[in-house]
Amino acid sequence: MPDPRERGFYARSVHDVACDLVGCVVRHGDAAGRIVEVESYHQEEPACHAFNGLTPRTEVLFGPPGLAYVYRSYGVHALLNAVSEDEGVGAAALIRALEPVDGIDAMRARRGLERVEDLCNGPGKLTQALGIWLDLNGTSLLGDGPIEILPRSDEPEIVTGTRIGINKAVELPWRFCDARSACVSRPWPPGHARRRR
DNA sequence: CATGGGATTGACT
DNA sequence: GTCAATCCCATGC
C-alpha cells in the first residue's frame, strides 16, 4: 500500500484513499489519533461540495491531492478532509472518527470531557480534540504542514456502510469503519462489533 | 440583496 | 425521539 506521507497516496480513487486511511494516524501538535472512520466524496455525486463546480468555498477541493480541506459545518464545527484524486478533480475523504493515541489530556481539556471513547467519535469532535480549526484549510498533510498522517501499524478489519448526515446520494456505500473500534460514530454500520449479536 | 440550508453536536423530552 | 446554535456561501430574484 502507498505511504500517506507521499502525494501518490492521495492521487488515487477517493474510495481507495478513504478505505486505506482507516488505521492510519493523524497528528496535530502533541495530539494524535488512529483513524477508525472515513467517508469518500466525489464531484460526480450531489452530496459532494464539489458537485456544483469550482467556487471560492471548494477551491481547495480541486487543488493538488494531499491537502487538508477544512470547512465550517452548521456554522459551528470544523470538519477535516484529505483532498484526493488528480488536481482539477473535486474529491476528498472526510475523517469522521479517531481512537485517541497521544495527548489525551490535551484532548480532554479542549473537549471538556473525560471518557476517551467520546473525545474523537465524530467529525466535529476530533477537530476540536486535536485543535484543528479553519485556518488549516489548504495546508499539506504530507508531513511538511501542521497536520500529518502516518502509516498504519496494523491491518484493520473494515466494514462499509452508507454515509451519515446527508440527504442526497444517501444510498452510496462510501463509509469505511474499523469493525472493532469503540470510537466509531453512531449509528454504527452493519457488521460493527458493537452492533453484532 | 435576501434567503435557505447544511458532510454536527449536546441538551433535553 | 426532538431541537437550537450559528454563519458562510450558493442560489435566485
Next on the checklist: Any salt bridge linking A/E39 with A/R163? Criterion: basic side-chain nitrogen under 4.0 Å from a carboxylate oxygen.
Outcome noted: no

Checklist entry - Do you know which two heavy atoms are closest between A/P189 and A/R195, and how far apart they sit? => result O-CD, 3.5 Å

Next on the checklist: Looking at A/D3, is its backbone amide N or carbonyl O close enough to the side chain of A/E6 to form a donor-acceptor pair, meaning the two atoms are under 3.5 Å apart?
Outcome noted: no

Checklist entry - Using atom P of each nucleotide, how far apart are C/dA5 and B/dT13 to the nearest Å? => result 15 Å

Checklist entry - For the side chain of A/N137 and the backbone of A/V70, is there at least one donor-acceptor N/O pair under 3.5 Å apart? => result yes

Checklist outcome for this item: In numerical order, the residues of residues 15-34 of chain A whose heavy atoms come under 4.0 Å of DNA chain B are none

Item to check | Any donor-acceptor N/O pair, A/R175 side chain to A/T160 backbone, under 3.5 Å | outcome: no

Checklist outcome for this item: Stems field, DNA chain B, Watson-Crick or wobble, 3.5 Å, at least 3 pairs, by first number, holds B:1-6 with C:7-12, B:8-12 with C:1-5

Checklist entry - Can you tell me how far P in C/dT6 sits from the matching atom in B/dC12, rounded to whole Å? => result 16 Å

Next on the checklist: Work out how far the P atom of B/dG4 is from that of C/dA4, and round it to whole angstrom.
Outcome noted: 16 Å

Item to check | Donor-acceptor pair, side chain of A/Y41 and main chain of A/H49, under 3.5 angstrom | outcome: no

Checklist entry - Testing A/L94, A/N81, A/L136 for side chain to side chain contact (heavy atoms under 4.5 Å, CB included) with A/Y69, which one passes? => result A/N81

Next on the checklist: Looking only at the side chains, is there a donor atom on one of A/R111 and A/Q128 sitting less than 3.5 Å from an acceptor on the other?
Outcome noted: yes

Item to check | Contact letters for nucleotides 1-13 of chain B, in which S counts primed atoms plus P, OP1 and OP2 and B counts the base, heavy atoms under 4.0 Å | outcome: -----BBBSS---

Next on the checklist: I'd like to know if A/D20 and A/R12 make a salt bridge, using a cut-off of under 4.0 Å between side-chain N and carboxylate O.
Outcome noted: yes

Item to check | Span that lies between the C1' atom of B/dA7 and that of C/dG1, in whole angstrom | outcome: 22 Å

Item to check | Side-chain (A/T127) to main-chain (A/A78) donor-acceptor, under 3.5 angstrom | outcome: yes

